[in-house]
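Both counts, for ligands and for their atoms, begin at 1 and track the order of listing.
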Amino acid sequence: MKYFIIFLLLATVPSNWVQPSTSKTEEPSGKAKNIVLLIGDGMGLSQISGALYNQGNRISLERFPVVGFQKTYSLNNLVTDSAASATAMATGTKTNNSAIGVDGNEKPLKSILEEAEEKGLATGLIATSSIVHATPAAFVAHQTMRGMYEQIAGDFLKTEIDLFIGGGKQYFDRRTSDDRDLIEELRKRNYLIYDYFNHEIQQVKPSLDKNLAYFTADNQPIPAYQGRDYLPIASQIALEYLDKKNDKGFFVMIEGSQIDWMCHANQSPPLLAELKDFDRTIKKVLDFARKDGETLVIVTADHETGGFAINPGSKMKHLETAFTTNGHTATMVPVFAYGPQAELFEGIYENTEIYFKMREAFGF
Ligand code: MG
Ligand code: ZN
C-alpha cells in the first residue's frame with residue numbers, strides 16, 4: 001500500500017515539474033568548440049531540390065534539425081556576387097560586389113577565421129575552385145577587387161591559417177606582379193606543401209607540428225562530372241587534422257565552388273554532379289560532428305545562380321530543368337544547422353547575421 005501511494009504521488013506530479021531534470025541531457029548545452037561552415041556557391045532551394053530528387057529522394061541535408069533563410073543582397077546591388085556575400089558571412093558587413101574582406105569604403109574587415117586564429121583556434125579553408133577565388137578569399141584576404149589573385153595569395157602569408165586545400169598554385173609560384181615564390185615562403189613558415197601533380201589527396205599525410213597546404217590545380221580544378229572527387233576526402237582529412245592539432249577548437253570553411261559555375265553555364269547534368277559531390281562532403285562532415293558532439297555544422301549558399309527550376313514533366317531521377325538567367329539571382333537562400341547552438345540559425349535574417357551567429361556560437 002505504501003508503494004502504491006508513492007506511485008500515485010509520482011504519477012500525479014505535473015509534467016512541467018519533472019521536466020527540468022529529464023531535459024537537461026537533451027539540451028545542446030554549451031558553446032560550439034568547432035564550427036564547420038559549408039558554402040554551396042550558387043546553391044538555392046531549387047538546386048537542393050534538384051539534388052534531392054536526382055538522388056532518389058534522399059539528401060544529407062535532411063539530417064539537419066534547424067533551417068533558416070538568409071537575405072543575400074549586397075551593399076550596392078540587390079543581386080550579390082560571391083565576393084560581397086562571402087565578405088558578409090565572413091565579417092558581418094555588407095559590402096560592394098567584387099570586394100574581398102573590405103567594406104564599402106575599402107577599409108579592411110576582420111573575418112571570423114582571423115578572429116578564430118587570434119583566439120588560438122585552428123583554422124582552414126577548402127574549395128573546389130582556386131583557393132584565391134572570391135569565396136575562400138573573403139575569409140583571409142583584404143582586396144578591393146576579387147580578380148587580384150596574386151595579391152590575395154600574398155594575403156595568405158599574412159595569416160597563420162593552419163590548412164588550405166584548393167587550386168590556384170600558379171598565383172603562389174609563377175607570379176607576374178613580383179618574383180616571390182610563395183610556396184617557398186610557406187615552407188619556411190612551417191607549411192607542409194603537397195600538390196596534385198605529385199600526390200593524390202589520399203596520399204596527403206598531415207603532420208601535427210606543421211601547417212598544411214595542398215594545391216589541387218594550377219588554376220581551377222576540373223569539374224565533378226569530369227572526375228574531380230577530392231572534396232569529401234579532403235574535408236575528412238582536414239577535420240581529423242584540425243581536431244587533433246588544437247584542443248581549443250577550430251573553424252573551417254568548405255566550399256562547393258563549382259555548383260555556381262554549372263548554373264552560370266546552364267548545364268543541368270554537370271550541376272547535379274557538383275551537388276552530389278557537395279552532398280557527399282556534407283555527409284562526411286555530419287558523421288564527424290555526430291561522433292564529436294562539440295561541432296556546429298552550418299550549410300548555406302552565398303546566393304542562387306541561374307534561376308534554376310524543376311519544370312512540369314519531371315519525374316524522380318529524371319528532371320526537366322530550366323534556367324532563367326546565366327547570372328545570379330536575388331532569391332533568399334536556405335541555412336541548415338546541426339550541433340551546439342544550431343538553434344541560433346532559425347528564422348529569416350541578413351547574410352551578415354551568419355557571422356554574428358557564428359561568433360555567438362563560439363562565445364567570442
Ligand atoms: Mg565561390
Ligand atoms: Zn557566380
message = Of all the N, O or S atoms in Asp41, which has the shortest distance to the Mg ion (ligand 1)?
response = OD2
request  = Give the atom name of whichever N/O/S atom in Glu255 sits closest to the Mg ion (ligand 1).
outcome  = OE2
message = Using 2.8 Å as the threshold, say whether any N, O or S atom from Asp41 sits that close to the Zn ion (ligand 2).
response = no
query = Near the Zn ion (ligand 2), is there an N/O/S atom from His303 that is less than 2.8 Å away?
reply = no
query = Quick one: does Glu184's side chain have a donor or acceptor within less than 3.5 Å of a partner on Asp181's backbone?
reply = no
message = side-chain contact (heavy atoms from CB on, under 4.5 Å), that's the test. Do Phe251 and Phe139 meet it? Break it down for me.
response = CA-CA 11 Å; Phe251 171 81; Phe139 287 81; 3.9 Å; yes
message = Under 2.8 Å from the Mg ion (ligand 1) - does any N, O or S atom of Ser257 fall there?
response = no
message = Taking the six-membered ring of Tyr349 as reference, does the cationic atom of Lys357 (NZ for Lys, CZ for Arg) lie under 6.0 Å from its centre and within 45° of its axis?
response = yes
ask   = Does NZ or CZ of Lys119 fall inside the cone over Phe364's six-membered ring, less than 6.0 Å from its centre and within 45° of the axis?
value = yes
task = Output the atom name for the N/O/S atom of His328 with the smallest distance to the Zn ion (ligand 2).
result = NE2
Heteroatom of His264 nearest to the Zn ion (ligand 2) (N, O or S, atom name) = NE2
message = Is a donor from one side chain sitting under 3.5 angstrom from an acceptor on the other, for Tyr355 and Glu350?
response = no
query = With no hydrogens and no angle check, do the side chains of Ser85 and Asn351 hold a donor and an acceptor under 3.5 Å apart?
reply = no
